[in-house]
Amino acid sequence: MAYPQSDGRLEVLAGLTFEVADGEFVCVVGPSGCGKTTLLRLLAGLERPTAGRVLLDGAEVDRPRRTVGFVFQEPTLMGWRTVEENVSLPLEVARVPKGEARRRSRELLDLVGLSGFETAYPAELSGGMAQRVALARALVHDPRLLLLDEPFGALDALTRERMAQELLRIWRARRKTVVMVTHSVSEAVFLADRVLVLSPRPASIAAEVRVDLPRPRTPAFFDDPAFGALARAVRAAIG
Amino acid sequence: MRRQHHDPFWLVPVALGAFLALWQGVVSIGGYPPFILPSPATVVHRLIDLLVDGSLWHHTATTLQEVVGGLALGTTTAVLLGYVLAHFPLAERLLAPYLVASQAVPVVAIAPLLVIWFGTGLLSKVLVCALIVFFPILVNTIVGVRSVGQDLRDLMRMLEATRWQTIRLLEIPAALPVLLGGLKVGATLSVIGAVVGEFVASDRGLGYLLKQGQQLYDTALVFVGIGALVVMAQMLYGGVALVEKMVVRRATCDVRRAT
Ligand SMILES: Nc1ncnc2c1ncn2[C@@H]1O[C@H](COP(=O)(O)OP(=O)(O)OP(=O)(O)O)[C@@H](O)[C@H]1O
Ligand SMILES: [Mg+2]
């Protein structure tokens, strides 16, 4: 994958191949600016590869599809819509009847722990709450695949840990396939079935670390020696 | 966020009273003849005359028609063109020099041309108003549509939103605060446009009334005409502000306020 730039082309991803199994939780880590967001945008169909292909259920991803949920690096909410209206946006676009949309939005808000904030506006939310609204919105139309671009990047460490646990809980409840970009190695190991480490630009897969550790995982997991060993392996691969 | 100010209710009438007293004082002490500076009482008498014989309403209605017609025409064309230009930067680069150049020509200079082409009736005035309204609305539309973040656009793409859904659910609400700001300016400019048009050639309207007052040295009539224009501009501005309040909810505190 290359971007056109003022002084020629910028080769961002090259020789990068991987598969994600149904229901798998994959985390992607790598140096800043190596092309993690670009990778997600390719998976989402927001960007077309200049070479190579992206397949979802055997079909080429040639444009964005509703069957994929996306959470952007910044909480991307509509300031003129209430929390509930933001969450139900995908249903409104898909012309789901109002009553049904309302029921599903409330269910999702409950799942992300934001019941009671239905009529609040995004400006009244904290960063963590806004990202949870974005997560609820990404899930409300029941997509097959969930793409998360450093969803907790802007949060403090404490909120981040809590959000990671909530994400696991939601993932268990909804059984989605997840590809998540993060710059936190411990977060990646804590969440994922598999961690992909990208090399610097042009990025390919520098290492693939399988996290064969039992679930459900709790914060106690951070003190597990096996966890420490895996985190060290990932860090070593980043270099 | 803005703080709501509640002025004491008596402030406006007291200020108005003081103004009228000062005015009367200047007339009495200076001893000016009414065709230089009529007293408040003279103007009020003239106003009552004009109200009673229905001519004030007749002229105001004419001007209002021109103002509203021009506002509607100018806003519609400016919003449509602005939307296109916001999405096609190349078109904007090609058209921008002409649009800017057109702004260097005063409307007063174009108005006679419009009267020659479109007659001395309503149409030429509506066109003058539309012309004067066009540019600020165009610029605000472009700014408003461009202010929509790329992430929100990508979100709509992810949801496979149709073009119309993207316009209705994203672009209109996002651009509305800026657009309404432009409309407030446009509403007052449109009043100026109508008067300019009527100055050039007309047989009715508030601009015609002003010209008549000038020719007959009926200064009180001029004052009444100006007052009617001020009230009209105020009401149009207030109308747009009211719509703004209803449509643009408190949500705007985090959407950029570009006006
Ligand atoms: N639309 C674009 N046009 C041109 N170049 C781009 C574009 N998007 C990204 N790039 C470039 O591609 C490279 C990879 O960007 P990308 O956003 O994918 O990195 P990233 O790994 O997500 O970085 P970060 O960790 O900072 O979020 C960067 O050098 C960036 O400048
Ligand atoms: Mg990124």
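We name chains A, B, ... by the order of the sequence lines, and we start the count at 1 in each one.
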Name the atoms and distances for all side-chain donor-acceptor pairs under 3.5 Å in residues 38-49 of chain A, with sequence neighbours left out.
unit_1  : atom_1 : unit_2   : atom_2 : d
A:Thr38 : OG1    : A:Tyr3   : OH     : 3.2
A:Arg41 : NE     : A:Glu47  : OE1    : 2.7
A:Arg41 : NH1    : B:Asp154 : OD2    : 2.7
A:Arg41 : NH2    : A:Glu47  : OE1    : 3.4
A:Arg41 : NH2    : B:Asp154 : OD2    : 3.2

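For chain A, no part of B:Leu176 is nearby; none of its heavy atoms comes within less than 4.5 Å. For chain B, the nearby parts of A:Glu92 are the backbone and the side chain; heavy atoms of each come within less than 4.5 Å. For B:Glu160, the parts lying near chain A are the backbone and the side chain together; criterion is any non-hydrogen pair under 4.5 Å.
Proximity to chain B among residues 52-66 of chain A is limited to A:Arg63, A:Pro64, A:Arg65, A:Arg66, judged by heavy-atom separations below 4.5 angstrom.
In the model, A:Thr182 has no side-chain atom that pairs as donor or acceptor with a side-chain atom of A:Glu150 under 3.5 Å. Using modelled atom types, one finds no donor on one side chain facing an acceptor on the other under 3.5 Å when comparing B:Glu198 with B:His59.
None of B:Val196, B:Leu114, B:Val105, B:Leu73 except one satisfies the side chain to side chain contact (heavy atoms under 4.5 Å, CB included) rule with B:Leu131; the exception is B:Leu114. For the pairing with A:Val28, the side chain to side chain contact (heavy atoms under 4.5 Å, CB included) check across A:Leu198, A:Ile205, A:Asp149 returns one residue only, A:Leu198.
Screening residues 140-180 of chain A for ring pair (Phe, Tyr, Trp, His ring centres under 6.0 Å) gives A:Phe25-A:Trp171 as the qualifying pairs, with residues at least two apart or on separate chains.
Considering only heavy-atom pairs separated by less than 4.5 Å from chain A, the leading option among B:Met158, B:Met156, B:Arg168 is B:Met158.
A salt bridge does not link A:Arg104 with A:Glu107: every distance from a Lys NZ or Arg NE/NH1/NH2 to an Asp or Glu carboxylate oxygen is 4.0 Å or more.
With sequence neighbours excluded, the residues satisfying side-chain hydrogen bond (donor to acceptor under 3.5 Å, both in side chains) with A:Arg194 are A:Glu24, A:Glu208.
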